[in-house]
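Notes follow the structure.
The chain is numbered in sequence order, starting from 1.
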Amino acid sequence: MRYVNIPDIRDTQTWKNPNAARLYMYMMMSCNPKDMGYRYSRRWTCKEIGITEDAYRHALVIMERDGLIRKAPPRKTPKEHPNEHPDTPPHITMVSVSELYDTNPPSNTPASAP
């Protein structure tokens, strides 16, 4: 078992959309902890968490708009050999808590004493 740090996303559009919230939590728990990369396919992820592919695509748009993920741009040059295997799914990078709060990190201590 491993642990992950997930930011408080209750004030984002991602949280307001149940599919996006569930997908975000799943992706954070499944990403590579070293580079925060998520490399599983859309189809596999949808089957795994029980959402449609349209819901997955819409959730990614919401998460990207909220700044919780970064998607790698698609390849600009076509493949030389059309018989090659298709590209792997787009690489998605989960934004870490330290990146989200680089200017004002969250604190575990209260702002003032009771």
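- Shortest non-hydrogen contact noted between Pro33 and Arg2 is CB-NH1, 3.7 Å.
- Side-chain atoms of Leu68 and Leu100, non-hydrogen and from C-beta on, do get closer than 4.5 Å to each other.
- Contact detail for Ala59 and Ala20: the closest heavy-atom pair is CB-CA, 3.6 Å.
- Contact check for Ile69 versus Tyr38: no side-chain heavy atoms found under the 4.5 Å cut-off.
- Contact of the Tyr56 side chain with the Leu60 side chain is registered, since non-hydrogen atoms from C-beta on lie closer than 4.5 Å.
- Checked against side chain to side chain contact (heavy atoms under 4.5 Å, CB included), Asp54 has the following partners two or more places apart in sequence or in another chain: Thr52, Arg57.
- To the nearest 0.5 Å, atom NZ of residue Lys47 and atom CZ of residue Arg42 are 15.5 Å apart.
- For Asp66 (side chain) and Thr14 (main-chain N/O), a donor-acceptor pair under 3.5 Å exists by modelled atom type.
- In this structure, Met63 is not a member of the same hydrophobic cluster as Val61, with clusters built from ILVMFWY side-chain heavy atoms closer than 4.5 Å.
- Taking each heavy atom of Asn19 and Asn17 in turn, the nearest pair found is N-OD1, 3.0 Å.
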Identify all side-chain donor-acceptor contacts of residues 22-30 below 3.5 Å with residues at least two apart in sequence or on another chain.
from, atom 1, to, atom 2, distance (Å)
Arg22, NH1, Ile49, O, 3.3
Arg22, NH2, Ile49, O, 3.2
Ser30, OG, Tyr26, O, 2.9

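- Residue Thr93 forms a side-chain contact (heavy atoms from CB on, under 4.5 Å) with just one option from Glu99, Arg70, Lys71, and that option is Arg70.
- Arg39 and Asn32 get closest at one heavy-atom pair: NH1-ND2, 4.3 Å.
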